[in-house]
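One-based numbering, in listed order, for ligands and for the atoms of each.
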Amino acid sequence: MSARTKGPRIVALLNQKGGVGKTTTTVNLGAGLAAAGLRTLLVDMDPQSNLSLHFGVEADDGRPTTSSLFADPPAKAADCVVKGRDNLSFIPADTELALVEGELAGRDGVQGVLRDALATLADRFDVILLDCPPGLGVLSVNALTAAHEVFVPMQAQYLALRGLEKLLSTVQLVAAGLNPSLSATGVILCMHETQSSHGKAVVEEIRTHLDQFRGTDVPWRDCRVLQPPIRRNIKLAEAPSFGKTIFDYDPKCPGADDYRRLAEGVIAMWRARGVLPPAAPVPAAAG
Ligand SMILES: Nc1ncnc2c1ncn2[C@@H]1O[C@H](COP(=O)(O)OP(=O)(O)OP(=O)(O)O)[C@@H](O)[C@H]1O
Ligand SMILES: [Mg+2]
C-alpha cells in the first residue's frame, strides 16, 4: 500500500469558471459519501460562502472560518469544524476570505497554509472535499497544494474543452512545484441535458481529448468523465435555500439519485486504485 492511503483522501472541486456546479457537487457528493459511511469534511474555500449557506450557516456571524486558518496567528483547524449531519462536517467561509485572495497572495509559504491546517485533522476524516472559488488565485492554489486529486465540475457546452485545458495546465504547474503527487482524476458533468445532441458531441470531444494522454506522464493521464452525469434538476437548486442537502430535501428526486450513484462510483474508483482510507466501508454492490 502506498503512503497516500494514510489519512483522508483530499479532493479539490475546481473550475475557474463560475456557476458550473462546484458547490452543489461538493455538498451533495459529500453527503452521498457520508451516507455511504465515510467520515466526510467539506471546506468552503469561497468568500461567497455558498457552501456554508447550504447548511443554513450565515457568513460573518463571528465563528472561526476558513479565513481564520490564514490569520496571524491562525486558528486551530479543529476549532473551525462544524458538524452538519452524521458523518458530514464542514468548515464555513466568510467574506474575510477575499482578503486572503487579495492581500496575502504574495506572502511566503501562503500556498501551503490549508495543507498544513488539514494535516491536523487527519485522524478525524476519511474524505475531505474542497469547494474552490471560481478563478485560479491563491485560494485555489492552496486547495491544489493540499489535495491528492482534482474533480472538475463542468457543463458539456461550447468552449468547455478550452476551459478544461487551461485548468489542467494549472494542475500541471502545481504538480510540477508545490505538490508532485497531485492528479486530475475526474470530470463531473453538471446540469447535464441528456437529450442534447450538442451536449453529446461535447462529451465525446472531452473523452477523446482525455484519452490521448493515457500512459503519458501528465497529471491528468487517468482522468475520466465520471458516471453518471448529474442531470439538470430544479430540486438541486431549491435545496440550499432550505439549508438542506438533496438527500434531506428530496431523497427520491433525480438529483439525489445522480449524486448517490456518483458517490458509489467514486468509492468504487478509489477502492480499485487502493487509495480509500483503510477504515472506509465496503461500497454497496453495483447493479
Ligand atoms: N444539476 C443541477 N440542476 C439544476 N440546478 C443546478 C444543478 N447544479 C447546480 N445548479 C444550480 O446552478 C447554480 C450554480 O451552481 P453552483 O453554485 O454549484 O456552481 P459553482 O460552480 O459553485 O458557482 P461559483 O463559481 O459561483 O462558486 C446554482 O444556483 C445551483 O443551485
Ligand atoms: Mg461555488
Please check this pair: side chain of Thr66 against backbone of Asp44, looking for a donor-acceptor N/O pair closer than 3.5 Å.
yes
Evaluate the 4.0 Å heavy atom contact test for atom 29 (O) of ligand 1: does a protein atom fall under the cut-off?
no
Yes or no: does Cys190 have any heavy atom under 4.0 Å from an atom of ligand 1?
no
Between Glu103 (side chain) and Val100 (backbone), is there a donor-acceptor pair under 3.5 Å?
no
Numbered atoms and elements of ligand 1 in range of Pro134, under 4.0 angstrom, heavy atoms:
25 (O), 27 (O)
Nearest non-hydrogen partners of Pro219 and Leu182, listed with the distance:
CB-O, 3.5 Å
Who's closest to atom 4 (C) of ligand 1 heavy-atom-wise, of Asn233, Ile234, Leu189, Asn28?
Asn233
Under 4.0 Å from one or more heavy atoms of Leu236, ligand 1 contributes atoms 1 (N), 2 (C), 31 (O)
Counting only nitrogen or oxygen atoms and a 3.5 angstrom limit, does Ile230 reach ligand 1?
no
Is there a donor-acceptor pair under 3.5 Å between the side chain of Arg214 and the backbone N or O of Cys223?
yes
So is Gly19 touching ligand 1 or not, going by heavy atoms under 4.0 Å?
yes
Under-4.0 Å salt bridge between Arg162 and Glu165:
no
re atom 25 (O) of ligand 1, the protein heavy-atom contact at minimum distance is Lys22 NZ, 2.8 Å
For the residue pair Ser67 / Thr65, report whether a side-chain donor-acceptor contact shorter than 3.5 Å exists.
yes
Any protein heavy atom sitting closer than 4.0 Å to atom 7 (C) of ligand 1?
yes
Quick one: does Glu193's side chain have a donor or acceptor within less than 3.5 Å of a partner on Arg232's backbone?
no
Are Phe151 and Met191 connected in a single hydrophobic cluster, I mean Ile/Leu/Val/Met/Phe/Trp/Tyr linked by side-chain heavy atoms less than 4.5 Å apart?
no
Where's the contact between Thr25 and ligand 1, heavy-atom distance under 4.0 Å: side chain, backbone, both or neither?
neither
According to the side chain to side chain donor-acceptor pair (under 3.5 Å) rule, which pairs have a member within residues 20-29, sequence neighbours left out?
Thr23-Asp131, Thr25-Tyr259
Do Asn179 side-chain atoms and Leu144 backbone N/O form a donor-acceptor pair below 3.5 Å?
yes
For atom 19 (O) of ligand 1, which candidate among Ala237, Gly21, Gly135 provides the closest heavy atom?
Gly21
Pull out every atom of ligand 1 sitting under 4.0 Å from any heavy atom of Val20, numbered as shown with elements.
19 (O), 20 (P), 21 (O)
Is it true that a side-chain atom of Thr245 and a backbone atom of Phe247 form a donor plus acceptor pair closer than 3.5 Å?
yes
Please check this pair: side chain of Asn142 against backbone of Val138, looking for a donor-acceptor N/O pair closer than 3.5 Å.
yes
Does an N or O anywhere in Asp131 fall below 3.5 Å from an N or O of ligand 1?
no
In this structure, does ligand 1 have an atom that sits under 4.0 Å from one of the heavy atoms of Arg231?
yes
Polar protein atoms near the Mg ion (ligand 2) [N, O or S; cut-off under 2.8 Å]:
Thr23 OG1
Has ligand 1 got any nitrogen or oxygen that is less than 3.5 angstrom from a nitrogen or oxygen of Thr24?
yes
Atoms in ligand 1 with a heavy atom of Asp46 nearer than 4.0 Å:
27 (O)
Flag, side chain of Arg207 to backbone of Val203, donor-acceptor distance under 3.5 Å
no
Suppose I only count heavy atoms of Gly18 and a 4.0 Å limit; which atoms of ligand 1 are within that range?
25 (O)
Run the numbers on Glu149 and Arg273 for salt bridge (Lys or Arg N to Asp or Glu O under 4.0 Å), then give the verdict.
CA-CA 13 Å; Glu149 58 192 296; Arg273 276 206 249 126; 3.3 Å; yes
Indicate yes or no: does Asp257 engage Arg260 in a salt bridge with an N to O separation below 4.0 Å.
yes
Just need the protein heavy atom nearest to atom 26 (O) of ligand 1, so name the residue and atom and give the distance.
Gln48 NE2, 3.2 Å
Minimum-distance protein heavy atom relative to atom 12 (O) of ligand 1
Met191 CE, 3.6 Å
